[in-house]
There are 4 protein chains.
Amino acid sequence: MPRTPARTPDAGRRSERSRRAILDASLALVGEVGYHRLTIEAIAARAGVGKQTIYRWWPSKAAVLLDAFTARTEDPEYAAGLPDTGDLAADLKLVLRATVDEFDDPAFEAPYRALAVAGALDPDLSRQFTERLNEPGLAAYRDRLRSAREAGQIAPGTDLDVAVELLTGPFFARWLSRSGGLTHAFTDALVDTVLAGLRPRDS
Amino acid sequence: MPRTPARTPDAGRRSERSRRAILDASLALVGEVGYHRLTIEAIAARAGVGKQTIYRWWPSKAAVLLDAFTARTEDPEYAAGLPDTGDLAADLKLVLRATVDEFDDPAFEAPYRALAVAGALDPDLSRQFTERLNEPGLAAYRDRLRSAREAGQIAPGTDLDVAVELLTGPFFARWLSRSGGLTHAFTDALVDTVLAGLRPRDS
Amino acid sequence: MPRTPARTPDAGRRSERSRRAILDASLALVGEVGYHRLTIEAIAARAGVGKQTIYRWWPSKAAVLLDAFTARTEDPEYAAGLPDTGDLAADLKLVLRATVDEFDDPAFEAPYRALAVAGALDPDLSRQFTERLNEPGLAAYRDRLRSAREAGQIAPGTDLDVAVELLTGPFFARWLSRSGGLTHAFTDALVDTVLAGLRPRDS
Amino acid sequence: MPRTPARTPDAGRRSERSRRAILDASLALVGEVGYHRLTIEAIAARAGVGKQTIYRWWPSKAAVLLDAFTARTEDPEYAAGLPDTGDLAADLKLVLRATVDEFDDPAFEAPYRALAVAGALDPDLSRQFTERLNEPGLAAYRDRLRSAREAGQIAPGTDLDVAVELLTGPFFARWLSRSGGLTHAFTDALVDTVLAGLRPRDS
DNA sequence: GATTAACCGAGACGGTACGTCAAGTCTTCCT
DNA sequence: AGGAAGACTTGACGTACCGTCTCGGTTAATC
């Protein structure tokens, strides 16, 4: 006889109306007051929802936020992958410049930062954050680099993981610690230097 | 005209005894319970100190932690700079491997992560965190790279800031998001790829 | 249009269990430690209740105490009025002697003194204290004196309010300022002198 | 050699300047903010004095207030006693009307109420309050009544203590509990009724 | 169509920690 | 040595949210 001590609610009867209201409210609030002043009570009040309805479906405010944020990025052609014009440097610069622009929008930046931070403190959340938000993007980079490697544009022995991290890590670090401006010039320089390091060895 | 809106206590009469006890207690506690379960009340209790004594001298628990952490790194020969054996790759690998080891120690890792996270949410704190903990370390890298540039070991047009971020950014990103192992192999690969990208242009 | 600026909790959902526990705890504690060492926190702890549950329903510890004290005197046949045997002096002496005995009991005296004092400092509370605790008792005296006036036992022009205050005021003053013993002899003397003053004018 | 463990400061070196400033400040403040919002810190700040200087010489804020209040009533011809024109009723009414007027002045009423209340809660203070403020006044009443008794204007067996309390108790009770107006009519009625009760028995 | 079980809004509950205030003590420097 | 100043420990304040728990009221699937 199966015992399910942790009350598992019946997802079939879930109110879609409430779910949307909660996700919307949490995104709006995190932008208004910041992550550490975001409270479950405020989300519930704003969403016109009982607190229990949040606790029933999510384990923490970070999980709510993750769902709220993911909802935006899951539907569209986000899974399109990087462009592949044959010019690796140009393709990478294009995408990184677009990312710079994206991070300029507070509506995107605020919840994303909140999630990055929450993930840094909570390994469980971190895994989910990585899987659902980060990994798809990184995989696109990896695919593009693999294609370039096969075309002989970068060294055949290139570790694609490290290569991707060389492109995104400095960006992430500069963004999170606000230690420098996130500019197109910066990402262009990243691409140039990294690609120079990945160039096939001279004969 | 000097404005003193917030009651500024007289630092001359400050109790060194209490200050040390608070810094010690906060470091110990952040290791035991983690940052978001660290409370001012617990620090005060552990330090045998009134809460007000903490509020009098620090604006937040993050600021306490920053002082506590900084105290450890300020006195010693920490400001020594990087070794300079003439072999740039070897020197960088040595230092990054040492950093990997340092981040393996929870007594170091826990408060450092807490501060990185707190800084990510609070620009004010972020600035302090950068100035007092990060910048000195990065300057050491910059110095070593400048010396290499003068010796003609890397391209004369190299942007030292970007170069340093290429070395440290991926490390920081992997550490904070726990997206991969912090190993000597990883940092070695970083150094090799980045230095390849910085190599002087072939004649 | 009714305005309810201060969050008004829903009395229907109120926990009777908590209410009783709070009233009991406050009476017990005021007897143990005295009024000015009585704290909301201690009441909450003793009652096994969150502080907010007290703040939700009462504006101050004095208000709690007033409810606690009133609860004791509301239910019983306390509203019985004074005896009326036809012998005014005897009836008054009987009741005042009983009151003396009542004030001898610390379980009664301590909270009553606390309330008298709190009322002396807070007009709002004072009004409630008067209405709910004092006035009913005084009305009983007034009724008894009115009956005597109609029977021609005291002067027809007697101001009943003043007459009651002559009987109770000296008692109250002596009690509150501890300036003399509260004895049967004292209250008997009060009754005799006051009634002598109220006797119908000699023809 | 006698040991005085309780540090007894040397009254000879006491600063008269500070003493006056403290007494003045406490009277002013009790009028402005009321007794239970009166703090030692505020007194010290207003008086331009260190807190320790207050704690050195007084055991509590009530004691400070008692001294402050007593200082006003000690110097003048306050010890003059009641007038004795031969007309007892007139003399009593005159004095009680003057007392009514005195209690109309907040500068008098506020600290006096504070002291009465503090005394009600603290038997030690109560004794001092009685001895230094109340008793002298009551003695004056007693003296006047004794003179009247000797003149045969009131019954020879009259208990002077009870008689005085009949005159002052209702006044005190009405004042402290704010249960009625303090008017000349009220005190006149008191005098008339009480004196009627004290009239020598008809032969 | 009635029953019934779940979700839902609402919000009271026992708690924990907050940041503030004042108490009374201690220490330092000044007169 | 007293006094001005103010930092110290202590402890209570009243508030904000936590996560849990009832309480009617829908709402959907089952009888």
Side-chain angles (χ1 to χ4, degrees), chain A residues 7 9-15 17-19 21 37-45 47-57 59-61, chain B residues 7 9-15 17-19 37-42 44-45 47-57 59-61, chain C residues 7-15 17-19 21 37-45 47-57 59-61, chain D residues 7 9-15 17-19 21-22 37-45 47-57 59-61:
Chain A
R7 295 279 303 95
D10 175 354
R13 340 190 84 201
R14 183 169 186 180
S15 159
R17 195 177 187 292
S18 297
R19 194 184 132 270
R37 251 163 352 224
L38 176 68
T39 67
I40 299 267
E41 297 209 325
I43 296 173
V49 137
K51 281 200 289 178
Q52 197 59 36
T53 302
I54 299 182
Y55 284 111
R56 182 149 37 226
W57 301 106
S60 68
K61 68 178 177 180
Chain B
R7 294 278 309 98
D10 177 351
R13 316 216 136 176
R14 183 167 186 181
S15 160
R17 197 177 185 291
S18 297
R19 194 184 132 269
R37 250 163 354 222
L38 176 68
T39 67
I40 300 266
E41 297 210 325
V49 136
K51 278 200 289 178
Q52 199 60 47
T53 302
I54 299 182
Y55 285 111
R56 184 155 31 233
W57 301 108
S60 67
K61 67 179 177 180
Chain C
R7 294 281 307 96
T8 328
D10 177 352
R13 302 201 179 264
R14 183 166 187 182
S15 160
R17 194 177 189 291
S18 297
R19 195 185 132 268
R37 250 166 349 225
L38 176 68
T39 66
I40 300 265
E41 297 209 325
I43 297 173
V49 137
K51 279 200 289 179
Q52 200 59 48
T53 301
I54 300 181
Y55 285 112
R56 181 151 38 228
W57 300 108
S60 67
K61 68 178 178 182
Chain D
R7 295 278 302 96
D10 176 353
R13 323 190 105 222
R14 182 169 186 181
S15 159
R17 195 177 185 291
S18 296
R19 195 184 134 271
I22 290 164
R37 255 170 341 231
L38 176 68
T39 67
I40 300 267
E41 298 208 325
I43 297 173
V49 137
K51 280 200 289 178
Q52 197 56 43
T53 302
I54 299 182
Y55 285 112
R56 181 150 37 225
W57 300 106
S60 68
K61 69 178 178 183

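A, B, ... follow the sequence lines: proteins, then strands. Residue 1 opens every chain.
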(message) Pick the closest DNA chain E nucleotide for A/Glu41 and for A/Ala47 by heavy atoms, then say which residue is nearer the 5' end.
(response) A/Ala47
Check nucleotides 27-31 of chain E for protein N or O atoms closer than 3.5 Å to its own N or O atoms and list the pairs.
unit_1: E/dT28; atom_1: O2; unit_2: B/Arg13; atom_2: NH1; d: 3.4
unit_1: E/dT28; atom_1: O2; unit_2: B/Arg13; atom_2: NH2; d: 3.1

Rounded distance [0.5 Å steps], [atom1] in [X] versus [atom2] in [Y]:
{"X": "A/Ile54", "Y": "A/Lys61", "atom1": "CD1", "atom2": "NZ", "value": "12.0 Å"}
{"X": "C/Gln52", "Y": "C/Ile40", "atom1": "CD", "atom2": "CD1", "value": "11.0 Å"}
{"X": "D/Ile22", "Y": "D/Ile43", "atom1": "CD1", "atom2": "CD1", "value": "8.5 Å"}

(message) Please compare D/Thr53 and B/Ala11 by the position of their nearest nucleotide in DNA chain F and report the one closer to 5'.
(response) D/Thr53
(message) Nearest heavy atom decides the nucleotide; on that basis, is C/Ala42 or B/Gly48 closer to the 5' end of DNA chain F?
(response) B/Gly48
Considering only side-chain heavy atoms of [X], which listed nucleotide, [options], is closest?
{"X": "A/Arg56", "options": "E/dA23, E/dC7, E/dA12", "result": "E/dC7"}
{"X": "C/Trp57", "options": "F/dG19, E/dC13, E/dA17", "result": "E/dC13"}
{"X": "B/Ser18", "options": "F/dC8, E/dA23, E/dC13", "result": "F/dC8"}
{"X": "B/Tyr55", "options": "E/dG19, E/dA12, F/dC13", "result": "E/dG19"}
{"X": "A/Val49", "options": "F/dG14, E/dA17, E/dG9", "result": "E/dG9"}

(request) Grab the two heavy atoms, one from B/Gly50 and one from B/Ala44, that are nearest each other, plus how far apart they are. (result) C-CB, 4.2 Å
Within this structure, what is the [atom1]-to-[atom2] distance between [X] and [N], rounded to whole angstrom?
{"X": "C/Leu38", "N": "F/dG11", "atom1": "CG", "atom2": "C1'", "result": "15 Å"}
{"X": "A/Ile54", "N": "F/dT20", "atom1": "CD1", "atom2": "C1'", "result": "15 Å"}
{"X": "A/Arg19", "N": "E/dG9", "atom1": "CZ", "atom2": "P", "result": "14 Å"}
{"X": "C/Asp10", "N": "E/dG9", "atom1": "CG", "atom2": "P", "result": "18 Å"}
{"X": "A/Ile40", "N": "F/dT20", "atom1": "CD1", "atom2": "P", "result": "11 Å"}
{"X": "C/Arg14", "N": "E/dA12", "atom1": "CZ", "atom2": "C1'", "result": "11 Å"}

(message) Under 6.0 Å from the ring centre and within 45 degrees of the ring axis: does the NZ or CZ of B/Arg14 meet both conditions for the six-membered ring of B/Trp57?
(response)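 Yes, cation above the ring, under 6.0 Å and within 45°.
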(message) Looking at D/Lys51 and F/dG6, is any side-chain donor or acceptor paired with a base atom of the opposite kind under 3.5 Å?
(response) no
